[in-house]
Each structure stands twice: as structure tokens, then as C-alpha cells.
K.L.:
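Quick one: this structure, given as C-alpha cells, is what I'll be asking you about.
The basis for the numbers below is simple: all heavy atoms, side chains too, and nothing from hydrogens, waters or symmetry mates. Note on naming: letters A, B, ... go to the chains in the order of the sequence lines (proteins, then strands), and numbering restarts at 1 for each one. Here the structure is a predicted model, which means the values were calculated and not measured.
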Amino acid sequence: MGKLNKEQRLEKQLAKKIEKQDVYQQVKLQENQEDDFNVANLIQTLEDQGQQIDSVKTQYLRVQEKARIVQEPETQAERDQQERKVAATVMKQDIKKWLPIVKKNRESERIDFTKQRNVQISKISDTSNALLNNHLGVKLQNAMEEVEKVEQKQELNGQSNQQKSNLQFYNDLKMKKISSIKSKIYKQIKKKKGNKEKLKLMAQLTPAERRKEIDKLRLSRAKERITLRHSTKNKFVSQLLRFGGDKKSLKQQQSFLNNIKHQLLAKAQLNELEDGEFDEENFREQAITQLEQELQDIERREKEKQNNFGFLDKQKKQDLQQSKSIAQKLLTMLKSGNDDAIQLDESDNQEQNSDDNYEPNLNGDKDKSNINIENNEFNGRANFVNETKQLTETQKKRIDAKTSLSNYLNQEPEKLQQQNKQEKQLTIQDEKKQLIEGLNIKNIKQKYEKQVNQKLTNQDLKKLQSDPDELLQQNLANFNLVLDEDENENAFIDEKIKDMEEELPPEPANTKGWGSWAGFGIKEKKPLTQEQILQNKIKKIREIQKKRQDAKLDNVIISEKRDVKFAKYLVPKLPSEFANSEQFDQLHTLPLGPEWNSLTSHSALTQPQIITKAGVLINPVKIPQQVNKLI
Amino acid sequence: MVKFNTICRSGQERSTNADITKVYRNPNPKVHPLAHAREYQRALVATKVEKIYAQPFLGALNGHSDGVSCIEACRFNLSKLVSGSYDGEIRIWDIPSRRTLIQLNAHQQMVKGVSFSRDGMRIVSSGEDKTINLYDFPQLLEQSNNTFQDPLMRYLSKGTLGNVDHNYQLSQFATAGQVVQVWDYERPKPIMKFQWGVDSVSCVKYSPADSNLICGTSMDRCVILYDVRAESAIHKVAMLNKSQCLAWNPIEPLNIVIGNDDSNCYTYDIRKIELPTMIHKDHISAVMSVAFSSSGREFVSGSFDRTIRIFPFNKGFSREVYHGQRMQQVNSVSFSADAQFVYSGSNDMNIRIWKVNASQKVGIINQRETNATNYRQALKEKFKYNPEIKRIAKHRHLPKYLMNKKKQRQEMKESKNRKQRNAELNNPGQYEAPKPEKQQRIEQFIQ
């Protein structure tokens, strides 16, 4: 290579010199023209005279060119620089032969210097293999891979033999253990597996053969059924155990009374619309007949065959008695014509619906409503009850659940207006509640308020007639949601705000004169009013609210405090070696100890990256022979 | 007569194969919720134990009557070490017995450099008296009592000399000095001379993998690369401070490390020598000597600040720092060929032997023990980012003067940054973004 380079270098130098010389010569020729006599002039004059002197001319030109090259030597610095440039290019090309080796060493999981080998076996990621683009690079790479393959083969042969013998040994052990298993479940599982395989085989058979096989299977299943005790854990039995019967039928029973009530309501509404007047007698008769039917039904069910489970029967009896008593009460009231009683009952029923908890104690409910009025905690509900009471006093209007509901709804906007007026006078508590703007609960409430406020159209009412259950129930549920200013909810919001308040930085002591300029012409700042301070505080809290993790989760408070005890297991900051936390976790979730790994994997996991041993010399890298030949 | 065949067993011996009961464990991680916590505890204990058992200093080789200027461990024999001192004396040591094998009054002035040949048979030394001595090791052993042995060859240099480095493959060696010279055993005059610029070269080193490349550091703050084939230099890079030492990475022969007077070490890739690829910081004074481990994964540096530091080849900060109460400024360091020990020659006339891994046991270690240490190391590696473990593993006791200086430097650095920041803030648009530190350290690249 050295020789080649020398030649190249010479050529380059020559080329440069010629270029320079050309310029020099031109200048010189111009000077020469002024001279009276020289060889060029002589040749020209001879040519002009018509003599043939071509050979002389060519000879002269050749001599001139040679002289031109020799005439102007380069400076030492220039020559050195050129030499350095050539040397640099040679070095850079030459050094490329180390790149694959360096790359391999860097990428390998482990370098074992105790083997006294310079090139280590390792996996090279194929994607990052576009190291060298020239032919030599590719050749080098291939040669390296071949070396690797041969070495791997040699290693693998030894390894595979050992692995085989190990595997056989373990298999023998396993078979021994399997033969000694006595578990029934294990055998069942095994049988099932076998059956599955059989089925696969069956698919390949002809229809006639298949039939035979199926018959055989059936027989075997029948035998199994007879011999084995089945566990009673199917759906029917589990439901029977839990609810004392089919879940569907139970639900139907529970909603039966409600259905009747809604039908009654719907009819009342319709009659009102169509006739303008409510046909009281007709309605009453219908109701009575329905209730009588229901009573008969209940009696029939009481006579039905009892279950084997005592506690279920008891439950069933209780339920039936309750429904019976309610039906009987309704009947007596209808027959006696006491409207007030009906009204009360039905309002109770409403409450039952909305609460979703079936509370059979009617007297208890009444007590509750009274308490509510006294406490004035649930304004909506208290009003509702109060209203009904007032109406009962008048006793002149026709009353049912629907009218009372609509009455309430008509009053709602007025109430809201009142609330708005109250809001104008800001108190701290109100402001706090305002902070929870955009909470989902509020949104939902507003949505339902709108729904409730909508007056029922004719279409809706017709719908009510056809399917009274759904729409009414929905409305009632929404209605209840609007009414419910839940105690827990408020407490939760308060807690959340308290949490945010704790995060506020401590306020500086407001000492007069501090932090303000003094002197003539300076306007005195007015101290902040209580309201301004409050508003500032609210602003700050809002900012904190935005930053919090639970800003968008209204029903959640996420504690962002650090658990000191647990902190020692965690890393406070993502190390710069990792791109994201998942990467970091993935590397560090795997336990290394022998308790959680097999012995082989444990030793593999804990091997150091570089293995050296005292007394084993490590030689500098060498290029493998196969590669060296190529170079 | 009745004969009894008695079977005697001691209590510790197991009677049958059936006594070994295999313990079956469920590998499902859900069954082991405390695995992480347990391993963390183990890692913590491992780091603490390592600190307790860290005893890096193995012993000192004393005998020189002046400060040790240069040392080199044999590349072929683990037990041999050669050292030169300021009074011109050369000693060859047997490390296991810690005694001098051969003592030579080789030079009339300070010994600038010593080097073993690749096969360990020849020793070259260069002195301030402009002479280079070539010794034959077996011949020296024959007359080990004679301190005035004649060398196999004595070469005379025209200019002053720096260190000497033997070629790894050929019977050639290179010397630094006013002119970088390449010598052959058989020639009385240098076979090649390199000169670029006026100032002399303080240190030259052959590439261990490539016998044609020589790298040198010059007094005019340059790092120069030479090619023997081309008979010329290749290129050089001028830094802000001068460098006194350099070392080639033997496993990755593209990389060199130089020790600079600004107390940092710099890693260069010789393909792109325009910028250092890494700056290794931790010393507080000029780096006098660097040596690469033969594994190519770490290098050791000795400094004027009386410490030795071991740096990972790809990390900016040192892994280990060694210092002794009586150890003065370190002039020369060397790695043993098995990458297990570090030797340091210092101004206090001693050569010290240090372990590379401070807590590693010296001597025969059985398989169980190596497995246990491997596990401990793996755990340490796994939990190295956890603050507690990081703190314990990182902590090194340092003498007061070092600590104070370190603090001072930190303060200086902070105040400088602060000043820069304030200037930028107060004069917006007048300052350009500061250059990266690697770029700041480089003055010029000359081709």
C-alpha cells in the first residue's frame, strides 16, 4: 500500500506543479515577447520563411515542458502539508479494519478475557450493521461472521450433548413422578385432554364411523353421570341459594306494584287530557279490580309448594306479606274513598323507587320525612313534603303523584332565582362551592335539571301510556338526583378544597411599611380588602387545582404526598440512560436471586459484564487470520 | 467366631441419595411480592460490606534513593516491573516477593522513560543525558549483582529526550524529545525522525494493535498523531493546556486518553481528533500519567494532587480514588497485564501496588464465593440508582486538602456560571450561547 501511495502522491504532486507552471509560463511568455531574440522567435521566423522544421519544433516543446516541471520547487511547508494529507487518508482507511471488532465488543453483553481471545462471540443487532459501505468492509464483516459461526458450532456441539443428556435425565424424573400421582382431578384433566384429541380425530372419520364413536361417547358420559357426584354450582342453583328463586322472576315481582302505580298515573294523566275532567269512579273501579287480582295472585303463590330451604321460605313469606299488606291497605283506602291516604302512600312509593332500597316500614318513612322538615337540611325534599301537606289541607284539588311532581318542577326555577340572589352575597363557603365548577357531578345535575324542567309534551305522555315504566322511572331518578344534595358529596368537596388550601404557600405577615417605598410623592397603597384577599386566595387555589393530578377527576382525591417508608425503594429521578420510566422498570423488575430463578438463569443473570482473572494475561486486539488475509 | 461388619457414619455425612430433597418454587412473581424489597436490602448490605472490606493497598516496593520518575509493568510477565528514578537508577522488580531483581546505574541524569519489549526480553530506557540504553533481560539476570552493567546497545541522541516506548510487534522503539525518533535495534542512528513545530514532544506511545501509529503530546499544548509508513505526522490538535501523558486503548485501538495539566483526562477518537469524545474530571491538579487496563474498560491516572484515580473508559467521573498519607505526587502509573493490579511510582521514592477492585479478595477464590460476589455485584448494579445505595457506593474518604480544594473549585465554577448567566440576562442579545465544554478546551485543529 505504501508503494501505491507513493505513486499516487507523486502523481498528485506532478499535477499540481503542472498547473502552477502553466500560470507561470504564461506570464513569462508575455515577458519574452519583448526580447529581441530567443529560440521561440527563431522557430517562428523560420516557419514564416516557409522552411519545414516540424521535428525541431516538437523537440523544442518537449524540452520546454520538462524544464517547466523542474524549474519551480515547492516550499517545505507545502510539501509537508500534502504529505500529511495523504497520510491522514491512508490512516483513516487503514483504521477501518478495527471498527467491526470495536463495535462487536461494545455491543456484546459480556466479554470474557479469561478465554484469552480477542474477538468475542456476541450477538450483533442486524439493524445496526450498516457500518461500512465499501466492499472491504462487507468482506470483513462476512469473514468475522464466519469465524463466529465456526466457533459457535464448536461450542454448541459440546453444549447440545450436555443439554440432551440433562433433558433425558429430567424427563425420566418427571415420568417417575407422574406415575406416582394419585390425584383424581389430575386424572380427570388428563382424560378431558384425551377426549379433546379424540374429537379432533373424529372430524377426520366418515359419518357412519363417527356415529358409532358418538354413541360410544354418549354411553361413557352416561356412565360418568351415574357414577360421579356433580357439584351443585350451576347458575340456577347459585341463584336459588342467593335470591331464593330465579332472579328474573323476583325482579318482576318487585316491580309489579310499581307497574300498577305507574299505569294508574298514566291513565290519570290521559283522562285529564282527553276528557278535561278526571273520571274518578272509573279509575277507582279499575284500580280495585287490579288490586283484587293481585291479592288473589299472592294467595295463590303462598299456597305454592315450598322450597327445601327454610330461610328462603321465610324470606319469601315476608315479601309476600308485605306486598299483601300494601295491597290490602290500598284496597281499603280506595274503597273508603280517602284520597289523602292514597296520596301519602304513593309518595312513599316514589321514595322507595328513587332510593332503590326497598324499605317496607311505612311508619318509619313517615318519621323520616318529619325529621327532614325539622332539620331543613334537604331543602328540596322538605319542600316537597311540606307542599303535599299544604295540599292535603286544601283537599279540593285532585291530587296524584304526577301533579305534585309537576308542581314541584314549576317551582324549581323560582327557587333557582332565589339561589342566584343569595349567591351575589358572597360568603367563603359559597366561593368554595363555586370552585368546584366544571365538576362532573354539577354537570350531570344541570343536565338532569333541564330534563326535569321540561314540561311533558303530548308525545311523551303517549309514550307514557304505552311504556309508562321507563320514562317515569327515569324522570324520578333524575328528579331525585337534583334533590339530593348529598351529605357525603359535600364533605368530599370540602375535603378536596381543604387539601388544596394546604398546598398554598404561607402568607407573609402584613406589617406596615415593609416592602414599600417611602418618601414624598409616593401614593399610599390601600390595603387589600377582605374580599380581594379572598379572591386572590381563590385564584391561587384554582391554579393549584389545574396542576393537580385529580383536576379532571371530580370524585377522586389523589394524594401526591410521598410515602417516606416506601421511597427508599424508588428512584427519585429517571436516570439519563433511560428514555422513559417503562424502560427503566422493565430492566429492574426482574429479580436476580436464586430464590426467584432457576440456578442456571440466576448464574447467567449475575455474570459480570467483563470477566477477568488474576494471572490471565490479556493481549491487545488482533484481527483474526481470515480477516487479515483479505487485507 | 462371629464377625461383625460395622457400618460407621459420622453425623454430618448424609446417608443416602434420598436425603437430598429438592425444593420446588413457584416462579410466578405474584407469589413473591417482597422479592424487590429483599433484593434491595441485599444490595444495601452488599454495598456496605464492600465498603468495609475495601483495602486496596497491597504493599510498597522501596529501594530507590530518589523519586520514581517512570515505571512500566511487563506486558508478557506478570511478576516483572521496571522503574527509573530521578538519580538515573533503573530497578527491575519481582512483584510477588517485592524485592529488586536488578539494580542498574543506567543514566547520569534522570531516567525519562523505561519500556519492556512485547516478549519481555528487552528493556529500553531513555535519560535526560541524551542516551538510550537497550538491555537484554536474561543477560542482566546473570550478573544481577553488578550495578554498572553495560547495556546491549547504547544509542546517542542529538537532542534532549523524553520518554521511550517499545513497539508491540517489531524490534523498534520510539523516543520523545525535541524530535520524535524511531529507532531500530540494529541501527545506531534513528531510522525515522518527525518534527512539526518548534517545541519538543514530552511523551510518545505506540498503538498496541497497530505498529505503525504513534501518538505524542507536545509542550506546545498539542496532541500529535504520526504514521511510520508515511514518514510524516498526520494531524495535531492544540488544546488550552499542555498534556504530559497519554495511553492507547488496547482493545479499541481507535481511542486514546491523554492526561492534561488542567487536571482533566480527555478521550479522543483518532479518526476525529478535532474534538475530544469525553472529558474525565475529578483530579484537582495536573495529571502526570495515565495507563489503560488491558481489558480496555478502564484506565488509571496518577496526578500531582497525590492521588490515583480509576476511571471507566466511558464515564466522566472516576470510579475509585486511592491516596496514602505518605504518598507524594504520582509521576507514573501502570496496569498489570491481567488487569488486576495498579502500580504507582511517586516522588516519595516508593512504588505502590494497589488492587483494581478495592474489596476483591486476593488469592484462590472458589466457585461458590465467585458466584456470591457476582450476585452481589449484579445487585449493586441493579440498584445503583437508588439514592441510599448510590450515596454509600459513591462516598470516598478524602484528605482535607483535597476536600477543600474540591469545594473551592466547585464554588469557582458556580460563580463563573452565575456571572455568565447574569451578564446574559442583563444584556439580552449580546451574548451567544456558550460553546460546549469539549469545544472550549480545544484551541485549534491543524491538518
Side-chain angles (χ1 to χ4, degrees), chain A residues 1-2 5 9 80-81 83-88 90-92 94-96 98-99 101-102 105-106 111 113 118 567-575 577 584 587-598 602-603 605-610 612-623, chain B residues 25 27 29 32 35-40 42 44 75-76 78 168 196 207-210 212-213 225-227 229-235 248 250-255 270-271 293-297 337-341 356 362-363 371 374-379 381-383 385-388 447:
Chain A
M1 283 179 101
N5 291 323
R9 209 189 311 152
D80 284 354
Q81 200 178 3
E83 274 182 13
R84 283 203 296 273
K85 269 184 188 173
V86 174
V90 171
M91 185 270 288
K92 269 181 187 172
D94 190 42
I95 224 163
K96 272 182 185 172
W98 299 111
L99 290 179
I101 294 167
V102 170
N105 277 337
R106 287 247 174 140
I111 306 177
F113 286 111
N118 292 318
K568 67 177 177 181
Y569 300 117
L570 299 173
V571 178
K573 211 174 153 189
L574 186 72
E577 289 94 321
F584 180 76
L587 274 171
H588 291 264
T589 43
L590 186 71
L592 307 172
E595 290 94 334
W596 309 287
N597 290 304
S598 68
H602 163 67
S603 63
L605 281 168
T606 55
Q607 279 287 305
Q609 212 176 13
I610 287 133
T612 54
K613 202 176 171 185
V616 180
L617 291 168
I618 305 166
N619 296 329
V621 268
K622 265 184 190 169
I623 295 172
Chain B
R25 294 195 185 89
H32 306 288
H36 191 72
R38 281 177 75 185
E39 291 221 311
Y40 171 81
R42 278 178 197 175
L44 190 68
R75 297 157 185 171
F76 186 71
L78 285 171
Y168 281 69
W196 188 1
S207 166
D210 201 330
N212 298 315
L213 287 176
L225 200 65
Y226 303 98
D227 196 339
R229 285 166 303 187
E231 297 173 26
S232 82
I234 296 169
H235 40 220
W248 285 79
I251 298 301
E252 298 176 1
L254 312 167
N255 295 333
I270 56 166
R271 290 171 299 165
S293 154
S294 47
S295 68
R297 293 295 155 141
D338 59 352
Q340 297 289 316
F341 303 103
V356 169
V362 177
N371 287 348
N374 283 351
Y375 180 38
R376 262 183 264 133
Q377 288 301 323
L379 281 178
E381 185 67 20
K382 183 182 169 185
F383 288 97
Y385 301 108
N386 283 60
E388 181 79 356
Q447 216 166 11

K.L.:
Roughly how far apart are A:F113 CZ and A:L617 CG, rounded to 0.5 Å?
P.N.:
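Spacing of CZ (A:F113) from CG (A:L617) equals 13.0 Å.
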K.L.:
I need the B:N212 CG to B:S207 OG distance, nearest 0.5 Å.
P.N.:
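It is 9.0 Å, given to the nearest 0.5 Å.
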K.L.:
Can you see which heavy atom on A:G593 is nearest to which on B:E39, and at what distance?
P.N.:
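In this case the closest contact between A:G593 and B:E39 is N-OE2, 2.8 Å.
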K.L.:
With a 4.5 angstrom heavy-atom cut-off, is it the side chain or the backbone of A:K613 that approaches chain B, or both, or neither?
P.N.:
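The answer is the backbone of A:K613.
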K.L.:
Below 4.5 Å, heavy-atom pairs only: which of B:F383, B:Y226, B:Y168, B:W196 has the largest tally toward chain A?
P.N.:
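If we count pairs closer than 4.5 Å to chain A, B:W196 comes out on top.
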K.L.:
If I measure from the heavy atoms of chain A, does B:R376 come under 4.5 Å with its side chain, its backbone, both, or neither?
P.N.:
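Contact with chain A: none, neither part.
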K.L.:
With respect to chain A, which residue among B:Q377, B:E388, B:H32 yields the maximal number of heavy-atom pairs within a distance under 4.5 Å?
P.N.:
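Heavy-atom pairs under 4.5 Å are most numerous for B:H32.
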K.L.:
Which answer fits A:S603, side chain, backbone, both or neither, if we ask what part of it has an atom under 4.5 Å from a heavy atom of chain B?
P.N.:
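Contact with chain B: none, neither part.
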K.L.:
Top residue by heavy-atom pair count (under 4.5 Å) with chain A, among B:L78, B:L213, B:D227, B:L44?
P.N.:
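Heavy-atom pairs under 4.5 Å are most numerous for B:L78.
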K.L.:
At a heavy-atom separation under 4.5 Å, does A:E83 approach chain B through its side chain, its backbone, both, or neither?
P.N.:
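Answer is both: backbone and side chain atoms of A:E83 are under 4.5 Å from chain B.
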K.L.:
With a 4.5 angstrom heavy-atom cut-off, could you sort out which part of B:N255 is near chain A: side chain, backbone, both or neither?
P.N.:
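When you check distances to chain A, only side chain atoms of B:N255 fall under 4.5 Å.
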K.L.:
Tell me, out of B:A230, B:A37, B:P29, who's got the most heavy-atom pairs with chain A below 4.5 Å.
P.N.:
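Looking at each of B:A230, B:A37, B:P29 in turn, B:A37 comes out on top.
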K.L.:
To check you understand the geometry: which heavy-atom pair defines the closest contact between B:A339 and B:S293, and what is its length?
P.N.:
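Nearest heavy atoms, B:A339 then B:S293: CB-OG, 3.4 Å.
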K.L.:
With a 4.5 Å cut-off on heavy-atom pairs, point out which of B:S295, B:S232, B:A233 contacts chain A the most.
P.N.:
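Among the listed options, the one with the most contacts to chain A is B:S295.
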K.L.:
B:A378 and A:L605: which non-hydrogen atoms are nearest, and at how many Å?
P.N.:
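Minimum heavy-atom contact is CB-O, 4.4 Å.
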K.L.:
Using non-hydrogen atoms and a 4.5 Å limit, figure out which bit of A:I610 sits close to chain B: side chain, backbone, both or neither.
P.N.:
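For A:I610, the side chain is the part near chain B, not the backbone.
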K.L.:
Does any heavy atom of chain A fall under 4.5 Å from the side chain of B:R297, the backbone, both, or neither of them?
P.N.:
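Just its side chain gets close to chain A.
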K.L.:
On a heavy-atom basis, which atom in B:L254 and which in A:W98 lie closest, and how many Å separate them?
P.N.:
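Looking at all heavy atoms of both residues, the closest pair is CD2-CB, 4.1 Å.
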K.L.:
Hey, which of A:L592, A:I95, A:L590 has the most heavy atom pairs under 4.5 Å with chain B?
P.N.:
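The candidate making the most pairs under 4.5 Å is A:L592.
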K.L.:
Please flag which part of A:Q609 lies under 4.5 Å from any non-hydrogen atom of chain B: side chain, backbone, both or neither.
P.N.:
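Nothing of A:Q609, per the 4.5 Å heavy-atom cut-off to chain B.
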K.L.:
Given side-chain contact (heavy atoms from CB on, under 4.5 Å), test A:I101 with A:I623 step by step and report yes or no.
P.N.:
CA-CA 8 Å; A:I101 294 167; A:I623 295 172; 4.0 Å; yes
K.L.:
Might you point out which heavy atoms bring B:Y40 and B:N386 nearest each other, and give the distance in Å?
P.N.:
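The pair with the smallest heavy-atom distance is CE1-ND2, 3.7 Å.
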K.L.:
For the CD1 atom of B:I251 and the OG atom of B:S294, what is their distance to the nearest 0.5 Å?
P.N.:
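Nearest 0.5 Å value for the CD1-OG distance: 7.0 Å.
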K.L.:
Counting heavy-atom pairs under 4.5 Å to chain B, which of A:Q607, A:E595, A:K92 comes out on top?
P.N.:
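Among A:Q607, A:E595, A:K92, the one with the most close pairs to chain B is A:E595.
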K.L.:
For B:I234 and A:A87, which heavy atoms make the closest approach, and how far apart are they?
P.N.:
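Of all heavy-atom pairs spanning B:I234 and A:A87, the closest is CG1-CB, 4.1 Å.
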